[in-house]
There are 2 protein chains.
Amino acid sequence: MSAEKSGKTTTVEAMLGLLSGGPLSGYEIKKRIGESIGNFWSESFGQIYPTLKRMVAEGLAKVEDDQGTGGRERKRYRLTDAGRNRLGEWLTLPAMDQVPRNELLLKLFFGNRAERDDMKKLVETKKAELSADLKRFEAIEARIAATYAGHPGLPYWLMTVRYGKAEAVGLIAWCDDCLGTFKEML
Amino acid sequence: MSAEKSGKTTTVEAMLGLLSGGPLSGYEIKKRIGESIGNFWSESFGQIYPTLKRMVAEGLAKVEDDQGTGGRERKRYRLTDAGRNRLGEWLTLPAMDQVPRNELLLKLFFGNRAERDDMKKLVETKKAELSADLKRFEAIEARIAATYAGHPGLPYWLMTVRYGKAEAVGLIAWCDDCLGTFKEML
DNA sequence: TAGCACATGTAATAAGTTACATGATTTT
DNA sequence: AAAATCATGTAACTTATTACATGTGCTA
């Protein structure tokens, strides 16, 4: 009924999702992101605090004043029913992915303007990063599978981790393919 | 020598790369992007025209006044030596990739707040998109391999296309894995 | 003559990061 | 006593998209 001026700010939805597990403060949201969705999502304090304020104004969350570990200031935000509904609606909407800018591919596309070995190094560096990522994802997978056995969220959390794994595996193969091409370019 | 206030604006570098193949107008740059790096890079007119102006101010390019197909206005920009050098330097610098926001994974991460079938549909849609992408990339690969046989840029252009293919293949496998998980979740 | 492709640019808006400003509490 | 962590928030800046404003020339 209220005039919605909302654009397509997924920041709200990300925070809605995080708050759906129980009330959190802005500071906790930031930390929680790093521990959970940090591999494919990020928010800065400059976004979090104003967004929290907006969410309260729109009736999606309410503040729960609360003292932290000591007498420290701490405002916890709890989802309202409106907030929970909004999350539910958003979840069923198709996910849109924008064309992400890929700087490595941009450089590679202009590769013939540079030294072959410099371009090769770019790919080698990428491969090393991907290998490290893969290892990290495998560790996360094993850890959460053990820690959250039986939890209804686990299958979904595993899917997100395995996405990272699948992407890394695919791109490591691509790196090897490129490295083969560089060998032929001698 | 001049005071460089430049941040990390890869927009300039993308345009430097495009101009390295010969002078282009702003309009042509936009079109060219769609025909070449459009699958992993994009620029809007709102970026292109002001950036072109900045590049001239920084001595990276110069204007070549020119009438277009008819008496239409058209300014073509040609790289200067400084521009070519700047491109060369940038190409050897390591590519940094930011954590891209992945809306599909964000939804999936909160999947247990929604209906299993809605989440399944999200993955099915993604798989369909990836399959279409894969087909498209294969067509591009075949086309450029035939069209630019022997061209020194070809190995690099193929690398960028094959990146898309490798990613799609990896993620299609991931989709199938997810679909298997959904079956088990019944 | 209407519509589309060509062509350039600006203004408004959106979305986000980084740096700044402030202060309490806990740990070393 | 210093440093790290907890905690909230704002201001300045950056980057990019979309809509607007304007006009030419070709084609159906």
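Here the structure is a predicted model, which means the values were calculated and not measured. Below, chain A is the first sequence line, B the second, and so on; all start at residue 1.
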Open item on the list: Check this one for me: any side-chain N or O of A/Arg74 less than 4.0 Å away from OP1 or OP2 of D/dA7?
Closed with: yes
Open item on the list: Distance check needed: D/dG9 P versus A/Leu52 CG, whole Å only.
Closed with: 8 Å
Task: Residue list, side chain to side chain contact (heavy atoms under 4.5 Å, CB included) with B/Arg116, at least two apart or on another chain - done: A/Tyr156, B/Lys120, B/Phe182, B/Met185, B/Leu186
- [ ] Output yes when A/Asp97 and B/Lys126 qualify as a salt bridge under the 4.0 Å nitrogen-oxygen rule, no when they do not.
- [x] yes
Would you tabulate the pairs of protein nitrogen or oxygen atoms and nucleotide nitrogen or oxygen atoms of nucleotides 16-20 of chain D closer than 3.5 angstrom?
{"unit_1": "D/dA16", "atom_1": "OP1", "unit_2": "A/Arg101", "atom_2": "NH1", "d": "2.4"}
{"unit_1": "D/dA16", "atom_1": "OP2", "unit_2": "B/Thr11", "atom_2": "OG1", "d": "3.0"}
{"unit_1": "D/dA16", "atom_1": "OP2", "unit_2": "B/Gln47", "atom_2": "NE2", "d": "3.0"}
{"unit_1": "D/dT17", "atom_1": "OP1", "unit_2": "B/Ser42", "atom_2": "OG", "d": "3.4"}
{"unit_1": "D/dT17", "atom_1": "OP2", "unit_2": "B/Ser44", "atom_2": "N", "d": "3.4"}
{"unit_1": "D/dT17", "atom_1": "OP2", "unit_2": "B/Ser44", "atom_2": "OG", "d": "3.0"}

- [ ] Rounded off to whole Å, could you give me the CD1-to-P distance for the A/Ile29 and D/dC6 pair?
- [x] 16 Å
- [ ] For the residue pair A/His151 and A/Tyr148, categorise the inter-ring angle as parallel (less than 30°), tilted (30 to 60°) or perpendicular (more than 60°).
- [x] perpendicular
TODO: Whole angstrom is fine here: how far is it from CZ in A/Arg76 over to C1' in D/dC6?
DONE: 12 Å
Task: Nearest-Å distance for atom pair NZ/C1', residues A/Lys53 and D/dA7 - done: 15 Å
TODO: Return no unless some side-chain N or O of A/Lys31 is found under 4.0 Å from OP1 or OP2 of D/dT5.
DONE: no
- [ ] May I have the distance from A/Ile48 (atom CD1) to D/dT10 (atom C1'), rounded to whole angstrom?
- [x] 15 Å
Task: Interatomic distance where CD belongs to B/Gln98 and P belongs to D/dT15 [whole Å] - done: 13 Å
- [ ] In whole angstrom, give the distance that lies between atom NZ of B/Lys30 and atom P of C/dG9.
- [x] 15 Å
Task: Nucleotide of D/dT24, D/dG9, C/dG23 approaching B/Arg72 most closely (side-chain heavy atoms) - done: D/dT24
Open item on the list: OP1 or OP2 of C/dT8 versus the side-chain N and O atoms of B/Tyr27: is any pair under 4.0 Å?
Closed with: no
TODO: Using a strict cut-off of less than 4.0 Å between a Lys/Arg side-chain nitrogen and an Asp/Glu carboxylate oxygen, indicate whether B/Glu64 and B/Lys75 qualify as a salt bridge.
DONE: no
TODO: Provide, to the nearest angstrom, the distance between the OH atom belonging to A/Tyr49 and the C1' atom belonging to C/dA19.
DONE: 16 Å
Open item on the list: Check this for me: B/Arg32, atom CZ, are more than 12 non-hydrogen atoms of other residues, nucleotides or ligands nearer than 6.0 Å?
Closed with: no
TODO: I would like to know whether A/Thr11 and A/Glu43 meet side chain to side chain donor-acceptor pair (under 3.5 Å); could you show each step before the answer?
DONE: CA-CA 8 Å; A/Thr11 292; A/Glu43 299 290 352; 3.1 Å; yes
Open item on the list: By the side chain to side chain donor-acceptor pair (under 3.5 Å) test, which pairs, at least two apart or in different chains, include something from residues 172-186 of chain A?
Closed with: A/Lys127-A/Asp176
Open item on the list: Counting only side-chain nitrogens and oxygens, does A/Lys75 get under 4.0 Å of the OP1 or OP2 atom of D/dG9?
Closed with: yes
